[in-house]
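Working notes for the structure below.
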Amino acid sequence: ELKLGEARATAILSTASWAEIPLLLLFGFLVDRMGSWTIFNFSLLASAIYMMANVFVSNIITAVIVMVFYGVVWASFSSSSSAIAVELSNEDEKGTALGMINANFSLANIVGPPLFGYIVKRLGYRVCFASMAVMLTSVAITTTIAIKQRIK
């Protein structure tokens, strides 16, 4: 949509991976300090913000900023979900739990792009991302409420 060309668009996509390296360390530290569920909820909200930010991408600068922010989304989710899997597993099931988490990432990468591509084709790029932002915000709110109920 921005007509950046394949090479530029691919380079911009890789900025998220560069950002993830220090961000994974940061969120690993924050999981230790703040707790895995707090960071997990943050990751859901950050994902909603990322989706909504995509609606407002208008040039190469905003595209780079949004892709760097995706590093925040992935690092916070990856760090917290892995910690939660370990926290909720028995000692002899931790490896299986982490394997299942990683399998889910692979399944999401198989199912997500064709589904997302279809939705973009039917609704348009910006409507698709705005809709995803609303859904993710709902999930973040629901998860926050459920966790607070469980802690009581």
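Count residues from 1 along the sequence. Computed from heavy atoms alone, side chains included, the values below leave out hydrogens, waters and symmetry copies. The model shown is predicted, which means the values in this text are computed figures rather than measured ones.
With sequence neighbours excluded, the residues that form a side chain to side chain donor-acceptor pair (under 3.5 Å) with N90 are E93. L123 is linked by a side chain to side chain contact (heavy atoms under 4.5 Å, CB included) to I119, V127, counting only residues two or more places apart in sequence or in another chain. In terms of the side chain to side chain contact (heavy atoms under 4.5 Å, CB included) criterion, residue partners of L136 (sequence neighbours excluded) are, by chain and number, S47, A48, M51. When the side chain to side chain contact (heavy atoms under 4.5 Å, CB included) test is applied to V134, no partner is found at least two apart in sequence or on another chain. Listed by chain and number, the residues in a side chain to side chain contact (heavy atoms under 4.5 Å, CB included) with S76 are F27, I39, F42, S43 (sequence neighbours excluded).
Heavy atoms of other residues, nucleotides or ligands lying less than 6.0 angstrom from CZ of F116 number more than 12. With a 6.0 Å radius and a threshold of 12 heavy atoms from other residues, nucleotides or ligands, I61 has its CD1 atom at or below the threshold.
The two residues I12 and T15 have their closest heavy-atom pair at O-OG1, 2.5 Å. Here the shortest heavy-atom pairing between A140 and T144 reads O-OG1, 2.8 Å.
For Y50 and Y70, the distance between ring centers is under 6.0 angstrom.
Using a 4.5 Å cut-off on side-chain heavy atoms (C-beta onward), S89 and T96 make no contact. Between T62 and F56 the shortest side-chain heavy-atom distance does not fall below 4.5 Å.
The cluster map of Ile, Leu, Val, Met, Phe, Trp and Tyr, joined by side-chain heavy atoms under 4.5 Å apart, puts L88 and F77 in the same cluster.
Checked by atom type and distance alone, the side chain of R126 never pairs as donor or acceptor with a backbone atom of M52 at under 3.5 Å. Using a distance-only test at 3.5 Å, with no hydrogens or angles considered, a donor-acceptor pair links the side chain of S14 to the main chain of A11.
Classified by interplanar angle (parallel below 30°, tilted 30° to 60°, perpendicular above 60°), the ring pair W37/F40 is perpendicular.
How far SG of C128 is from CG of L115: 8.5 Å, rounded to the nearest 0.5 Å. The structure places CZ of F29 at 15.0 Å from CG of L24, a figure rounded to the nearest 0.5 Å. Atoms CG and CD, from L26 and E20 in turn, are 13.0 Å apart once rounded to the nearest 0.5 Å.
Taking Ile, Leu, Val, Met, Phe, Trp and Tyr as hydrophobic and joining them when side-chain heavy atoms fall under 4.5 Å apart, one finds V86 in a cluster with L98.
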